[in-house]
J.: 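The structure under discussion is supplied below as structure tokens; questions concerning it will follow.
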Amino acid sequence: MSGVLLWVVSPKENANSLLSLMPRIGSPRRSKLCSRLTFSTGVLAYSGAVAHPARSSEEMVYEVVLKQAALVREQSRVKERALDLDERIETDGLTNWDLLNQAYDRCGEVCAEYAKTFYLGTLLMTPERRRAVWAIYVWCRRTDELVDGPNASYITPKALDRWEKRLTDLFEGRPYDMYDAALSDTVSKYPVDIQPFKDMVEGMRLDLRKSRYQNFDELYLYCYYVAGTVGLMSVPVMGISPESKASTETVYNAALALGIANQLTNILRDVGEDARRGRVYLPQDELAQAGLSDDDIFRGKVTDKWKMFMKGQIKRARMFFDEAEKGVSELNSASRWPVWASLLLYRQILDAIEANGYDNFTKRAYVGKAKKLVSLPVAYGKAVIGPSKLTKQLVSR
Ligand SMILES: CC(C)=CCC/C(C)=C/CC/C(C)=C/CC/C(C)=C/[C@@H]1[C@@H](COP(=O)(O)OP(=O)(O)O)[C@]1(C)CC/C=C(\C)CC/C=C(\C)CCC=C(C)C
Ligand SMILES: [Mn+2]
């Protein structure tokens with residue numbers, strides 16, 4: 001399946017100081033925009049790929065959140081445009097419809113192959129939304145495969161530039177292949193902005209040139225690029241419940257938090273595997289504060305220092321999951337179940353790391369079938385509960 005997906009681009013805490021992990025709302029150097037955020041690392045000097053050294057990653061990312069929220073408010077205008085487009089396709093005859101349907105079906109097949117549980121969850125969504133989520137999933141999966149898949153060693157910054165050019169083309173209605181065609185159709189129908197997609201490609205660029213993260217601010221930006229973006233791409237398609245009283249920004253912020261939580265969890269699960277590829281995603285300053293270094297990671301011995309360090313990292317990931325939970329009930333009813341399911345399942349990976357005695361060097365933490373099965377009805381039960389009638393954060397809708 002990876003071959004099929006890739007042919008088109010082939011030419012590839014410190015635990016002692018829990019305070020340092022806790023939200024620091026109201027830091028004097030934070031912008032007004034950022035004061036609505038729950039998490040801040042307080043580190044403001046990251047430059048990396050972005051030329052704004054004075055701003056923290058969270059401030060920069062939050063601007064994207066605000067832009068996304070503004071787009072949703074324009075939704076009705078976009079819907080009108082989508083209707084025009086549907087009419088145009090219809091006058092072209094049945095062939096375009098058939099091709100488009102086939103393209104979406106193929107996206108569904110890829111999704112079912114790579115993420116079975118998630119695929120099952122999408123079956124509860126309306127057919128329109130479901131296939132749009134599949135199209136986004138496939139684009140994300142293909143993008144990730146560029147640097148993580150079997151052809152990863154052939155992938156150069158130039159190949160990523162070409163991939164980004166294809167992205168712009170498909171957003172402008174010029175898809176390259178059928179998966180692109182499905183996404184092209186999706187972005188013409190839903191208020192999805194190109195920025196999170198471009199940012200995901202930027203995350204892949206980062207993966208090509210960077211294998212160490214000095215502090216959490218740098219890591220936060222990476223997590224946004226490769227996973228927070230997914231949350232921002234998905235919400236416009238999954239939709240916010242008409243009953244929701246929460247502000248659009250609140251919901252996007254929760255979506256962003258779920259992406260960050262998932263990626264932090266992914267990093268904690270894969271410490272050993274990443275180290276074998278010469279990669280250490282854990283913040284260097286926090287490792288040093290815990291009396292640890294890269295060498296300890298390469299050695300892979302579970303010591304008391306390591307356990308303390310891991311407890312802090314897990315605590316932080318859980319805080320992001322908690323932040324994400326606040327937004328799930330605000331989503332459209334049919335979208336809540338797959339999101340709850342993915343949240344509960346991914347969060348349990350953290351429990352599994354603990355159950356493995358914090359040995360993420362030689363053991364892969366996973367959620368067993370039985371636990372997965374139990375989580376699905378639990379997720380369903382949570383999904384039935386709609387938006388809180390008490391939440392009055394009527395800022396922007
Ligand atoms: C319902 C739902 C979960 C929708 C999202 C569907 C979607 C478009 C998923 C794309 C996922 C993808 C392929 C991302 C590419 C980058 C990547 C691989 C990120 C890692 C995912 C885990 O993958 P895996 O365990 O297979 O990792 P390896 O490749 O093996 O290393 C990530 C850790 C991040 C994925 C991020 C999300 C699924 C974001 C979820 C957030 C939302 C859906 C927003 C929900 C809304 C609110 C209000 C909370
Ligand atoms: Mn990956």
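Counting starts at 1 for both ligands and their atoms, following the listed order.
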J.: In ligand 1, which numbered atoms sit nearer than 4.0 Å to a non-hydrogen atom of Gly327?
T.: 48 (C)
J.: Would you mind telling me if ligand 1 is within reach of the side chain of Tyr346, the backbone, both or neither, using heavy atoms under 4.0 Å?
T.: side chain
J.: At a 4.0 Å threshold, what atoms of ligand 1 neighbour a non-hydrogen atom of Ile136?
T.: 8 (C)
J.: Under 4.0 Å from any heavy atom of Val251, which atoms of ligand 1 are there?
T.: 48 (C)
J.: Of all the atoms in ligand 1, which lie at a distance below 4.0 Å from a heavy atom belonging to Val339?
T.: 1 (C), 45 (C)
J.: Between Thr265 and Ala261, is there a donor-acceptor pair closer than 3.5 Å when you use the side chain of the first and the backbone of the second?
T.: yes
J.: Report the part of Ser342 in contact with ligand 1, treating N, CA, C, O as backbone and CB onward as side chain, heavy atoms under 4.0 Å; options are side chain, backbone, both, neither.
T.: side chain
J.: Is Tyr252 touching ligand 1 with its side chain, its backbone, both, or neither, if touching means heavy atoms under 4.0 Å apart?
T.: neither
J.: If you take the nearest heavy atom of each of Asn266, Thr229, Asn262, which one is closest to atom 36 (C) of ligand 1?
T.: Asn262
J.: Please answer whether the main-chain N or O of Met125 pairs with a side-chain N or O of Arg130 as donor and acceptor at a distance below 3.5 Å.
T.: yes
J.: Any Lys/Arg nitrogen of Glu145 or Arg142 sitting under 4.0 Å from an Asp/Glu carboxylate oxygen of the other?
T.: no
J.: Are the charged groups of Asp180 and Arg174 less than 4.0 angstrom apart, N to O?
T.: no
J.: Using a heavy-atom cut-off of under 4.0 Å, does the side chain or the backbone of Ser234 touch ligand 1, or both, or neither?
T.: side chain
J.: With under 30° as parallel and over 60° as perpendicular, where do the rings of Tyr380 and Trp337 fit, or are they tilted in between?
T.: perpendicular
J.: May I ask which of Ala115, Cys140, Gly149, Ala132 has a heavy atom nearer to atom 15 (C) of ligand 1 than the others do?
T.: Cys140
J.: Name the orientation class of the two ring planes belonging to Phe216 and Phe320 (parallel below 30°, tilted from 30 to 60°, perpendicular beyond 60°).
T.: tilted
J.: Please work out whether the ring planes of Tyr213 and Tyr222 are parallel, tilted or perpendicular, with thresholds of 30° and 60°.
T.: tilted
J.: Can you check salt bridge (charged side-chain N to carboxylate O under 4.0 Å, His left out) on Lys305 and Asp296, steps first, answer last?
T.: CA-CA 10 Å; Lys305 276 184 191 167; Asp296 294 295; over 6 Å; no
J.: Under 4.0 Å, heavy atoms only, figure out whether ligand 1 is touched by the backbone of Val226, its side chain, both or neither.
T.: backbone
